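The structure appears below as structure tokens.
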Amino acid sequence: MTHPSQVLIAGIGSPHGDDQVGWETVKQIQNMGSDLVSTHLARTPDDLLDCMEGFRLLVICDACQGAGDVGSSHHWEWPCNQLESINWSGTHNVSLPAVLALAEQLGRLPAAVHIWGVEVEQVLPGHPMSERVLAGAASVAQAICKELSIPMKTAGTQHA
């Protein structure tokens, strides 16, 4: 099965503090109103197994720890050995690299996979995202839109 957009942007997260960053990034991209991409919000990496098949590009947005300063963004292309040393957001039962390896074995993995991580500080229930992480989400959303040539809307105006 193929999808008209050929690109899936997936945010992994939870409602716990900075762990919302993957969802927030995808929501900002959704607000662009582009039909050039499909989007999906997931609670855990293994939620992606049933929705990634048929796309040529999978872009994953998630919270991470151990890659840099809080709010900083990072971009990797799968496969990447460095991903094993990153602590992905705290609510995952199965690691992101393990899910991607399984998807590859099952023949479900798109031809290209890009992973964007935003360094987080706290993932406490009932807490909002920190300002630095929220800024990181906005930065990643803009970078993804630029990379994929998605027109960005600002104050009701579209910019290429």
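Small disclaimer: the values here were computed from a predicted structure and weren't measured. Excluded from the calculations below are hydrogen atoms, water molecules and symmetry mates; all remaining heavy atoms, backbone and side chain alike, are included.
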(request) Kindly give the heavy-atom pair with the smallest separation between S14 and R43, and that separation in Å. (result) CA-NH1, 3.8 Å
(message) Rounded to the nearest 0.5 Å, what separates atom CD1 in I29 from atom CG in L36?
(response) 12.0 Å
(request) With I60 as reference, evaluate L8, I12, I9, T25 under the side-chain contact (heavy atoms from CB on, under 4.5 Å) test and give the passing residue. (result) I12
(request) Looking only at non-hydrogen atoms, find the nearest pair between W76 and C64 and report the distance. (result) CH2-SG, 4.4 Å
(message) Apply side chain to side chain contact (heavy atoms under 4.5 Å, CB included) to residues I144 and C61 and explain how you reach the verdict.
(response) CA-CA 10 Å; I144 291 169; C61 307; 3.6 Å; yes
(request) With rounding to the nearest 0.5 Å, note down the distance linking CH2 in W78 to CG in L96. (result) 7.5 Å
In residues 118-129, what donor-acceptor pairs under 3.5 Å come from side-chain atoms, sequence neighbours left out?
residue: E119; atom: OE1; partner: G66; partner atom: N; Å: 3.4
residue: E119; atom: OE1; partner: A67; partner atom: N; Å: 3.0
residue: E119; atom: OE1; partner: G68; partner atom: N; Å: 3.3
residue: E119; atom: OE2; partner: G66; partner atom: N; Å: 2.7
residue: Q122; atom: OE1; partner: L124; partner atom: N; Å: 3.2
residue: Q122; atom: NE2; partner: D18; partner atom: OD1; Å: 3.4
residue: Q122; atom: NE2; partner: P128; partner atom: O; Å: 3.2
residue: H127; atom: ND1; partner: P125; partner atom: O; Å: 3.2

(request) Starting at CD of Q142, measure out to CD1 of I150 and round the result to the nearest 0.5 Å. (result) 12.0 Å
(request) Answer yes when D50 and R108 have at least one side-chain N-carboxylate O distance shorter than 4.0 Å, and no when they do not. (result) yes
(request) Please name the residue in the list V21, N31, V37, T39 that meets the side-chain contact (heavy atoms from CB on, under 4.5 Å) test with V26. (result) T39
(request) May I ask you to decide if H16's main-chain N or O and D19's side chain share a donor-acceptor pair within less than 3.5 Å? (result) no
(message) Quick check against the 3.5 Å criterion: does W116 have a side-chain atom that pairs as donor or acceptor with the backbone of A141?
(response) no
(request) Check side-chain contact (heavy atoms from CB on, under 4.5 Å) between L57 and all other residues, then give those that pass, not counting sequence neighbours. (result) V7, V59, A112, H114, L148
(message) I'd like to check the side-chain contact (heavy atoms from CB on, under 4.5 Å) partners of A98; sequence neighbours left out, ordered by chain and number.
(response) V94, S95
(message) The test is side chain to side chain contact (heavy atoms under 4.5 Å, CB included); show your working for L48 and H40 and say whether it passes.
(response) CA-CA 8 Å; L48 301 176; H40 179 75; 4.0 Å; yes
(request) Classify the side-chain pair S72/H74 by whether it contains a donor and acceptor separated by less than 3.5 Å. (result) yes
(request) Rounded to the nearest 0.5 Å, what's the gap from CG on L41 to CD on Q20? Could you check? (result) 11.5 Å
(request) Output the distance between atom NE2 (H75) and atom SG (C80), rounded to the nearest 0.5 Å. (result) 10.5 Å
(message) How long is the straight-line distance from CD1 of I115 back to CG of L58, given to the nearest 0.5 Å?
(response) 8.0 Å
